[in-house]
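So the structure is just underneath, and the comments pick up after that.
Excluded from the calculations below are hydrogen atoms, water molecules and symmetry mates; all remaining heavy atoms, backbone and side chain alike, are included. Residue numbers start at 1 and run along the sequence shown. Remember, predicted model here, so these are calculated numbers, not experimental data.
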Amino acid sequence: MKLKKLTMTAFGSYAKTETIDFEMLESSLYLVRGNTGAGKTTIFDAIVFALYGESSGGKRKLAMMHSDFVGLDVDTVVELEFEHQGRTHRVKREQGFTRHRDGTYDPKTPGAEFWEEGRPVIRGTKLVTDRITDMLGLTSDQFGQIVMLAQGDFKKFLEANGDGRRQILSRIFDTSAYKGLSDRLDKAREVLAKERSADEEM
């Protein structure tokens, strides 16, 4: 997966519409830096929100990510364009608010649309999330652990037990050939152990 363009409106630290064009960067490896509160984590949140409808830490709902610097009459919109396996796709999620007569607001049902190259548009938060999860082969938690690491989260992957890391890596890479080799080596070891035990008894 390669990020191409991220657009945020009324999202977190960004009140106005802000666009990050990743294709303008000279390298595919880049560092997001800035002072505390500058909006670094908000960028991660926006990417994960666009793909999965969750924040990068999984602790905040989309309604909570609405910018405090703009009124609730302005909808929160996050749009991400990305490339996967040579094809370009675009996902858009938005959160609007209903104003009541007493001046209070309640969040509307979030909206989501996914334009996948060569396929009909998918609409609906669950349908979009399910399709992207299937396409990338990663759940939101797995994506956050190894692809879009929030501050301090890298050690979560490092500290995962062997089965946990094995499951994650097997979904990213085709490890079936290595598993087959490992199984054959285990069987060969068992055979040798039995032969050695038989020789010792003679």
Side-chain angles (χ1 to χ4, degrees), residues 1-23 28 32 39-67 70 72-99 105-150 153 156-157 167-174:
M1 175 186 173
K2 179 181 180 181
L3 302 177
K4 300 188 74 171
K5 184 180 294 185
L6 174 67
T7 301
M8 303 166 285
T9 301
F11 187 86
S13 306
Y14 305 99
K16 299 180 180 180
T17 299
E18 301 289 346
T19 298
I20 301 175
D21 189 346
F22 294 96
E23 292 190 295
S28 58
V32 178
K40 303 183 297 298
T41 302
T42 302
I43 295 173
F44 298 147
D45 280 335
I47 293 170
V48 177
F49 257 130
L51 295 172
Y52 297 100
E54 302 177 6
S55 66
S56 60
K59 299 178 181 179
R60 290 179 286 183
K61 301 295 184 182
L62 180 54
M64 298 172 63
M65 291 303 299
H66 183 274
S67 176
V70 65
L72 293 178
D73 55 319
V74 179
D75 291 350
T76 295
V77 181
V78 179
E79 191 169 340
L80 176 68
E81 184 177 323
F82 65 95
E83 180 181 318
H84 180 68
Q85 295 182 344
R87 294 187 175 186
T88 298
H89 313 293
R90 181 165 56 93
V91 59
K92 177 181 178 182
R93 295 189 190 257
E94 54 189 331
Q95 174 69 71
F97 296 84
T98 299
R99 188 179 189 278
Y105 288 85
D106 282 326
K108 298 178 183 177
T109 301
E113 295 178 288
F114 183 42
W115 292 266
E116 183 178 350
E117 187 175 325
R119 298 184 60 167
V121 178
I122 298 175
R123 293 183 173 88
T125 55
K126 186 177 186 306
L127 291 175
V128 170
T129 300
D130 288 348
R131 175 55 189 149
I132 290 178
T133 300
D134 181 63
M135 171 186 286
L136 300 181
L138 295 170
T139 65
S140 174
D141 288 341
Q142 292 168 339
F143 186 88
Q145 285 180 324
I146 58 176
V147 178
M148 189 58 58
L149 293 169
D153 281 350
K156 290 183 180 180
F157 175 69
Q167 182 180 11
I168 292 172
L169 293 174
S170 66
R171 296 196 64 178
I172 304 171
F173 309 105
D174 183 6

Going by side chain to side chain contact (heavy atoms under 4.5 Å, CB included), name the residues that satisfy it together with [X], two or more places apart in sequence or in a different chain.
X: T109; result: none
X: A46; result: L6, M8, F11, V78
X: D21; result: K5, E23, M24
X: R99; result: Y105

To the nearest 0.5 Å, how far apart are [atom1] in [X] and [atom2] in [Y]?
X: I43; Y: Y14; atom1: CD1; atom2: OH; result: 4.0 Å
X: K108; Y: D75; atom1: NZ; atom2: CG; result: 6.0 Å
X: F114; Y: L80; atom1: CZ; atom2: CG; result: 9.5 Å

Legend entry - Test log, rule side-chain contact (heavy atoms from CB on, under 4.5 Å), inputs L51 and M1: CA-CA 12 Å; L51 295 172; M1 175 186 173; 3.7 Å; yes
Inset, instruction - Write out all pairs satisfying side-chain hydrogen bond (donor to acceptor under 3.5 Å, both in side chains) with one or both partners inside residues 77-87, taking only residues at least two apart or from two chains. - result: E79-R90
Contact summary for [X] and [Y], nearest pair of heavy atoms:
X: S67; Y: A15; result: OG-CA, 3.7 Å
X: T125; Y: P110; result: CG2-O, 3.4 Å
X: L136; Y: F82; result: CD2-CE1, 4.5 Å
X: V74; Y: A10; result: CG1-CB, 4.0 Å
X: I122; Y: L127; result: CG2-CB, 3.7 Å

Just wondering, do [Y] and [X] contact through their side chains at under 4.5 Å, heavy atoms?
X: T42; Y: F49; value: no
X: Q95; Y: M65; value: no
X: T17; Y: T7; value: yes

Inset, instruction - Go through the steps to decide whether V48 and S140 satisfy the test side-chain contact (heavy atoms from CB on, under 4.5 Å), and finish with yes or no. - result: CA-CA 7 Å; V48 177; S140 174; 4.0 Å; yes
Inset, instruction - Could you verify whether a donor N or O on one side chain and an acceptor N or O on the other, from T133 and T139, lie under 3.5 Å apart? - result: no
Legend entry - Trace of the side-chain contact (heavy atoms from CB on, under 4.5 Å) decision for R93 with T129: CA-CA 10 Å; R93 295 189 190 257; T129 300; 2.8 Å; yes
Inset, instruction - If a pair satisfies salt bridge (charged side-chain N to carboxylate O under 4.0 Å, His left out) and one of its residues is in residues 118-131, list it, with sequence neighbours excluded. - result: E113-R123, E116-R119, E116-R131, K126-D130, R131-D134
Inset, instruction - Ignoring hydrogens and angles, tell me if any N or O in the side chain of H89 forms a donor-acceptor pair with the backbone of E117 under 3.5 Å. - result: yes
